[in-house]
*Asks:* 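Sharing a structure, written as structure tokens. Questions coming.
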Amino acid sequence: MAISRKTYAAIRYGYGFAPGEDGPADGDALLAQLSAAKGQVPAFLKDGAAAHLKQGIDLKVQINTADEGIREGTVDPQYKKPLIDQRNALFLTDLMERVLQAVQSPYGFHERLVAFWFDHFSISAMKNDATRFLTPLFEAEAIRPNISGRFVDLLLAAENHPGMLTFLDQDKSAGPSSEAARKRRIGLNENLGRELIELHTMGARSGYTQSDVRNAALVLTGMTVDKGRDFSAVFRPALAQPGEKVVLGKNYGGNGISQADSHAMITDLAGRPETALHICRKLVTHFIADTPPDEVVKPMLAAWKKTDGDLTAVYAAMLDHPRAWDGFGQKIKRPFDFIVSGLRAVNAGTTLQSTLPVVDMVTQDKTAKTMRDMTDGAMRRMGQPIWKPPSPAGFDEHGDAWLTPAQLAERINWARRAAALAQVKEPVALAQDVLGDVARPDTLQVIGRAPNRMQGIAMVLASAEFNRR
Amino acid sequence: MGQAFSVTRRGFLAGACSLAAAPAFAPVSFAAMPGDRRFVAIILRGAMDGLHLVQPYGDKAFAGMRPTLALTPDRGLLDLDGYFGLHPDAAPLMPLWSSGELAFVNAVSTPYRDGRSHFDGQDILEAGTASADGTRTGWLNRALSVTDRSRGLRAIDVNTTMELILAGSNPVDVWEETSSIGMSPDMVGFMRRLYTEDPAFSRVFDEALRADADTERLLGTGKRRQSMDDMARFTAGMLNGDYRIAAFSIDGWDSHAQQPDVFSRAAKDLVTVLTGLKSALGSNWKNTVVLAMTEFGRTARENGSQGTDHGTGGVALVAGGDIAGGKVMGRWPGIGDGQLYEDRDLLPTQDVRALAAALLQRQFGVGADVLAGTVFPGLDRGASAEFRRI
């Protein structure tokens, strides 16, 4: 029996069915989400970016001041703990609201694309005390507003965001012959220059050399973060390497020191055919199959070329291909997606919301404890902690990394706890609601014979069908 | 991972009490006992700076290349052989060094050149191939099916996700010290039926049940926390049982900036794991060889932010109860004028796969032909000769 487009739209391209919610019917409905979601403020930023940033900086300053005082013996070390708790509570709130956003948004495809692009431009909140507040802002400011426009705008926003500049050490880089390097010990840091080419645009082994990497890093010099003030991205000519730099055969920097050079280089990288190929293959790998079928990639490349990298046109080309609606189950949901779709399946969004914001890191409230452990805790145990990718390459995309005994044990345990939260109490009805027409008759039969309702519901979420897409 | 832990104290205890050390877990009897030899592969992800861990303070170019990072014996460096010194962050390893249970191998790398990508670098290191050719199986998995002594050995990836080094057609358990699957026999029956129609889920579920039973036997049913020390105890426990091969990772070596701080955190994990393995393996430590390796080294010169960037040649560590350690091995190329690779990185003079091959041969008798064919395609058959003395 053929699986309906409605099922594919919900499971392969969204965060699954939530009982009682009418999901998108087809590709057009998915694309319509992109314009509908535009301009919406994510749950973790409802107090606004400026207030969020100020709160983060204020706390950082207070903690640094306390540290200094403790070193000099003028401040009681006891004074620091509540500040750290407050900072951790803010971050945990952001993180759980990040989950809430994915659970509650009616625009699942939009949310999946946000996650895809955040992963593509991976930065980690764990880098230092600034990335802790810059990472949620990076997602909200650089990624979310730019995922349906032109790739070049998304790329420029990502590379120039203080979150990225901090995570990949651009804030510590200076041209070896820059004015700053002549006065103090500071020099080039290749980190951002390398990942810009290798991960963010052309892809590894696509024909660039070490000298392209180094020269790209030289072109990027001058871009830094105003750490003394508001942590905004700034261009400081004193850090910039003067003179000409050749990257992939193109000359930058011939007209004196200017931010226009890095802008031009990033724009050129966005326009390269290797970049289009790298990104289209990644999209298909993410949504359709671990080995991306060329037949789907090809029309996407054509759309990219025709529209000069308009991402909505590229997604449309993917969704327009019959293979986008075929071959169910080749992808294993990653932990974030498993948990978000699980919370949607048992309608636990409002329960999660009721435990926010996090006020105390140690709570006696049973529901709050459960929700923390079933989001932040579970994602850490399953190997996909939110906003903390293991490297700038993001989390593993291949199913064989995620279908392991330890992973399955975690998921079964999670499903058993989620069953206790379920609003729908009839296991077979729930299976039909959330698995749609991918439920095998055998699966429905075993679930129908479960010794009790809770175990039946747990089996729905632990089933192979629920973990595949 | 990475809970705070008193490494120094543990390190000294491990060194001081080696004679008194008893197996952490009671021996378990099995129908067919595999051989005694054990092998542990540790991947140091993020590119460990070998020149920071094992510093060539005897090379006159060194101090000038690393004005803020280079140490000398009068500034805390622990002298190893009059030319190389160990970074004080690794001080708890000195007892292992002194008793010949630890060796460093200098100037090794995979065949990977010039791309300096962590991700390709790690893929090549784990796939054991000559280039980043998209191979999705790991050398340690392929090694499981090549000889009578390696065939059927049980292997475990201590993680919640499968790492490439152990991925492949031979069954490998992926299980962590904190994993658990408490379930009534009745529920187990239902879950089995739930997965009947999906062979992959079915197989993985059975593996989970088996690993769960092993873990409970080894660690008890109490609550377990995630820490480097527990990971070492768990890995040792599985190796004291019927597992013979284990792999896991230690992250956090990518020290582009403020290297002393970044390095110190990761080194603490490495030290905790090595000393923890020795102590928990007890009498099996003498049958165990541990190989810790990284995707590539880092630039010989420090960069502008008290860090180092991606390089080529690096250092590998070999530890074990009956190895001929206590020496810095490898063919040191020097770091002076004209000696660096592309005037920036330590020149790799040997293939790290040759070292891994020698250790597989030592532990499981895997022959040179097979090693150079199936396990490490393209490896020069003679390359491992000098590593067989370890």
Side-chain angles (χ1 to χ4, degrees), chain A residues 168-169 172-174 176 181 185-191 194 198-199 204-205 209-210 213 217 329 332 335 380-384 390-393 395-396 398-410 412-413 416 440 442-443 446-447 449-451 455 458-459 462-465 467-468, chain B residues 45-46 67-68 114-120 132 136 157 159-164 167 173-176 178-183 186-187 190-191 193-198 200-202 204-212 226 251 254 256-258 299 302-307 309-310 342 344:
Chain A
L168 288 180
D169 299 316
K172 302 185 189 70
S173 187
R185 189 188 289 286
I186 184 171
L188 190 67
N189 192 303
E190 283 180 6
N191 213 359
R194 173 178 306 282
E198 177 192 322
L199 296 176
R205 286 162 279 134
T209 65
Q210 172 62 37
V213 167
I332 303 284
R380 272 190 281 119
R381 288 194 299 275
M382 292 180 194
Q384 197 186 15
S391 80
F395 293 101
D396 204 323
H398 290 87
D400 49 7
W402 299 108
L403 183 54
T404 71
Q407 180 77 210
L408 186 58
E410 287 293 345
I412 292 172
N413 289 335
R416 293 159 85 190
R440 293 190 184 93
D442 291 11
T443 302
V446 180
I447 289 169
R449 288 182 192 158
Q455 290 197 9
M459 282 159 69
S463 68
E465 292 96 314
N467 281 275
R468 293 183 179 278
Chain B
R45 291 185 197 274
T68 74
D114 304 343
R116 296 186 183 83
S117 149
H118 288 302
F119 322 112
D120 277 352
R136 295 295 303 170
D157 189 354
N159 210 318
T160 47
T161 58
M162 174 73 88
E163 297 172 288
L164 180 56
D173 292 325
V174 181
W175 200 253
E176 217 174 18
T178 50
S179 303
S180 163
I181 189 167
M183 223 180 247
D186 184 44
M187 189 63 186
F190 274 100
M191 295 306 293
R193 282 171 56 196
L194 181 68
Y195 294 139
T196 317
E197 299 289 313
D198 193 307
F201 271 77
S202 216
V204 170
F205 182 64
D206 282 343
E207 286 167 16
L209 290 173
R210 201 175 54 164
D212 189 49
Q226 203 169 38
D251 299 337
D254 197 17
H256 283 282
Q258 271 75 52
T299 47
E302 70 179 73
N303 65 16
S305 25
Q306 268 195 295
D309 291 315
H310 300 184
E342 294 188 339
R344 60 176 272 151

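Every chain is numbered from 1, with letters handed out A, B, ... down the list of sequences. Fair warning: this is a prediction, and the values are worked out from it, not measured in the lab.
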*Asks:* Listed by chain and number, what are the salt bridge (Lys or Arg N to Asp or Glu O under 4.0 Å) partners of B/Arg193, not counting sequence neighbours?
*Replies:*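 Listed in chain order: nothing, the list is empty.
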*Asks:* Is A/Arg468 in contact with chain B via its backbone, its side chain, both, or neither, using a 4.5 Å heavy-atom distance?
*Replies:*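 For A/Arg468, the side chain is the part near chain B, not the backbone.
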*Asks:* Judged by modelled atom types alone, do B/His256 and A/Asp169 share a side-chain donor-acceptor pair under 3.5 Å?
*Replies:*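 Side-chain D/A pair, B/His256 to A/Asp169: absent.
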*Asks:* As an exercise, state the distance from OG1 of B/Thr68 to CZ of A/Arg185, rounded to the nearest 0.5 Å.
*Replies:*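 Here the rounded value is 6.5 Å.
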*Asks:* If you look at every heavy atom in A/Ile412 and B/Met183, which pair is closest and at what distance?
*Replies:*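 Taking every non-hydrogen atom into account, CG2-CE, 3.3 Å.
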*Asks:* Let's test your reading of the structure: which of A/Thr209, A/Asp396, A/Leu199, A/Ile447 forms the most heavy-atom pairs below 4.5 Å with chain B?
*Replies:*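 Sorted descending by pairs with chain B, the first entry is A/Leu199.
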*Asks:* What part of B/Asp186 lies closer than 4.5 angstrom to a heavy atom of chain A: side chain, backbone, both or neither?
*Replies:*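 It is the side chain, since no backbone atom gets that close.
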*Asks:* Counting only non-hydrogen atoms closer than 4.5 Å, does A/Asp400 touch chain B with its backbone (N, CA, C, O), its side chain (CB onward), both, or neither?
*Replies:*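 Both parts, heavy atoms under 4.5 Å.
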*Asks:* Does any heavy atom of chain A fall under 4.5 Å from the side chain of B/Arg344, the backbone, both, or neither of them?
*Replies:*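 Contact with chain A involves the side chain of B/Arg344 alone.
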*Asks:* Taking side chain as everything from C-beta outward and backbone as N, CA, C, O, which of these in A/Gln407 sits under 4.5 Å from a heavy atom of chain B? Side chain, backbone, both or neither.
*Replies:*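 When you check distances to chain B, atoms from both the backbone and side chain of A/Gln407 fall under 4.5 Å.
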*Asks:* Is A/Arg440 close to chain B through its backbone or its side chain, or both, or neither, when contacts mean heavy atoms under 4.5 Å?
*Replies:*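 Only the side chain of A/Arg440 comes within 4.5 Å of chain B.
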*Asks:* Taking only residues two or more places apart in sequence or in another chain, which ones pass side-chain hydrogen bond (donor to acceptor under 3.5 Å, both in side chains) with A/Asp442?
*Replies:*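 Per chain and number, A/Asp442 pairs via side-chain hydrogen bond (donor to acceptor under 3.5 Å, both in side chains) with no residue.
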